[in-house]
Amino acid sequence: MTGYDDFLDLKTAQFRSFRLTVFTGVSGSGKSTAIQWLIDHHHDFHDRPVVRVTGGGLDWAVPNIDDGLVVVDDVIRVKELAKVIRLLLRGNQVLLAAHLHPACFVPLRMMWPTHIWRTDLNREKLERHLQARQIEFTRAAVNSYCDEYGSSYLDMAHILERYPGCSFDRALRLFRKYCRMENLTLTN
């Protein structure tokens, strides 16, 4: 995974002592990418076998594993945390990508060493992303975007794809105008 923006400074963090590591944020903010980068590049996860589970609802099965490394991707409901607890009770170290607010993990933090990383708060990562793509922008436009959508690469990509060749500021203005017009059409 080349070109990864380590906006959370994960390369200097220590993970061995944490039983639960949570990446939480809006869709497209880098949760799963951060987990994959850790598995591929961080010394605390080097050469460890990984069991992967796709969450995203209540129907995922808890793998039959003890004292392993388990990645659970895309937890969207608080009720899914019961399955995460089952994994932790079996002695597993869990890396979790979640759409839940960090406050949802307070009970788990009281039982297991837990580290929570917010992926949707860093605005500078989006500025670096736009610079790397050589797309003009102003900090005011990026801040306005983040206030509305969170720090999401995915939503930014959708806006830029809709208005190719535009600065980010102009693409965002045009996108908002389109959304207002669409809302007027739907309400009439």
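What you are looking at is a predicted structure, and each value in this text was computed from that prediction instead of being measured.
- Checked by atom type and distance alone, the side chain of Asp155 never pairs as donor or acceptor with a backbone atom of Gly28 at under 3.5 Å.
- Side chains of Arg162 and His158 form no contact here, defined as non-hydrogen atoms less than 4.5 Å apart.
- A donor-acceptor distance shorter than 3.5 angstrom exists from the side chain of Arg19 to the backbone of Leu88, with no hydrogens or angles considered.
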Q: Please report the C-alpha distance between His99 and Lys31 in whole Å, then the side-chain angles of each, then the deciding distance to 0.1 Å, and finally whether the side-chain contact (heavy atoms from CB on, under 4.5 Å) criterion is met.
A: CA-CA 9 Å; His99 291 259; Lys31 301 178 298 292; 3.8 Å; yes
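- For the residue pair Pro63 and Arg90, the shortest heavy atom distance occurs at O-NH1, 3.7 Å.
- The closest donor-acceptor contact from the side chain of His42 to the backbone of Ala13 lies under 3.5 Å.
- For the atom pair Cys104 SG and Leu81 CG, the distance stands at 6.5 Å (nearest 0.5 Å).
- Across all their heavy atoms, Tyr145 and Gly150 have their closest contact at CE2-O, 3.6 Å.
- Atom CG of Asp73 and atom OG of Ser32 lie 3.0 Å apart (nearest 0.5 Å).
- Summarising the local packing, CZ of Arg139 is surrounded by 12 or fewer heavy atoms from other residues, nucleotides or ligands at distances under 6.0 Å.
- Annotation: Arg128, atom CZ; neighbour count of heavy atoms from other residues, nucleotides and ligands within 6.0 Å is above 12.
- The cluster map of Ile, Leu, Val, Met, Phe, Trp and Tyr, joined by side-chain heavy atoms under 4.5 Å apart, puts Leu89 and Ile65 in the same cluster.
- Of the possible donor and acceptor atoms, one in the side chain of Asn92 sits under 3.5 Å from a partner among the backbone N and O of Asp67.
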Q: Could you please spell out the steps behind the side-chain contact (heavy atoms from CB on, under 4.5 Å) verdict for Tyr153 and Thr33?
A: CA-CA 11 Å; Tyr153 294 110; Thr33 302; over 6 Å; no
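- Heavy-atom contacts from other residues, nucleotides or ligands closer than 6.0 Å to CZ of Arg133 number 12 or fewer.
- By the 4.0 Å N-to-carboxylate-O rule, Asp59 lies too far from Lys83 to be salt-bridged with it.
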Q: Go through the steps to decide whether Leu108 and Val22 satisfy the test side-chain contact (heavy atoms from CB on, under 4.5 Å), and finish with yes or no.
A: CA-CA 11 Å; Leu108 281 74; Val22 178; over 6 Å; no
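- Taken together through direct or relayed side-chain contacts under 4.5 Å among Ile, Leu, Val, Met, Phe, Trp and Tyr, Leu126 and Trp37 form part of one hydrophobic cluster.
- Rounding to the nearest 0.5 angstrom, the gap separating the CG atom in Asp40 from the CD1 atom in Ile35 is 12.0 Å.
- Residues Tyr4 and His41 fail the side-chain proximity criterion, which asks for heavy atoms closer than 4.5 Å.
- A donor-acceptor contact shorter than 3.5 Å links the side chain of Asp44 to the backbone of Phe15.
- Under the 3.5 Å distance criterion, the side-chain polar atoms of Ser152 are left unmatched by any main-chain donor or acceptor of Tyr149.
- Considering SG of Cys166 and CD1 of Ile159, their distance stands at 12.0 Å, rounded to 0.5 Å.
- Note: Phe45 CZ to Leu38 CG = 5.5 Å, rounded to the nearest 0.5 Å.
- Placement of Val84 and Ile76 in two distinct hydrophobic clusters is found when ILVMFWY residues are connected by side-chain heavy-atom separations under 4.5 Å, directly or transitively.
- Grouping the Ile, Leu, Val, Met, Phe, Trp and Tyr side chains by contacts below 4.5 angstrom, directly or via other members, places Leu10 apart from Phe18.
- Between Gln36 and Val71, every side-chain heavy-atom pair lies at or beyond the 4.5 Å cut-off.
- The nearest pair of heavy atoms linking Arg123 to Asn143 is NH1-O, 3.0 Å.
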Please report, to 0.1 Å, the donor-acceptor pairs under 3.5 Å made by any side chain of residues 109-120, with sequence neighbours excluded.
unit_1, atom_1, unit_2, atom_2, d
Thr114, OG1, Trp112, O, 2.8
His115, ND1, Trp117, NE1, 3.0
Arg118, NE, Asp120, OD1, 3.3
Arg118, NH2, Asp120, OD1, 3.2
Thr119, OG1, Thr24, O, 3.3
Thr119, OG1, Ser29, OG, 2.6
Asp120, OD2, Val26, N, 3.2

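- Distance CG/Asp169 to CG/Leu174: 11.0 Å, rounded to 0.5 Å.
- More than 12 heavy atoms of other residues, nucleotides or ligands shown are found within 6.0 angstrom of CD on Glu124.
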Q: Test side-chain contact (heavy atoms from CB on, under 4.5 Å) on Leu160 and Leu130 and set out the steps.
A: CA-CA 10 Å; Leu160 291 168; Leu130 290 168; 3.8 Å; yes
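- Remark: the Asn122 side chain and the Ser151 side chain contain no N/O donor-acceptor pair separated by less than 3.5 Å.
- Pairing each heavy atom of Arg16 with each of His43, the nearest pair is NH2-O, 4.3 Å.
- Qualifying side chain to side chain contact (heavy atoms under 4.5 Å, CB included) partners for Arg77, counting only residues two or more places apart in sequence or in other chains: Leu58, Glu80.
- Among all heavy-atom pairs drawn from Pro49 and Leu69, the shortest one is O-CB, 3.7 Å.
- Nearest approach of Phe168 to Ala141, heavy atoms of both residues: CE2-O, 3.9 Å.
- With salt bridges taken as basic N to acidic carboxylate O contacts below 4.0 Å, none links Asp5 and Lys125.
- Following chains of ILVMFWY side-chain contacts shorter than 4.5 Å, one can reach Leu20 starting from Val72, so the two form part of one hydrophobic cluster.
- The aromatic ring centroids of Tyr163 and Phe175 lie 6.0 Å or more from each other.
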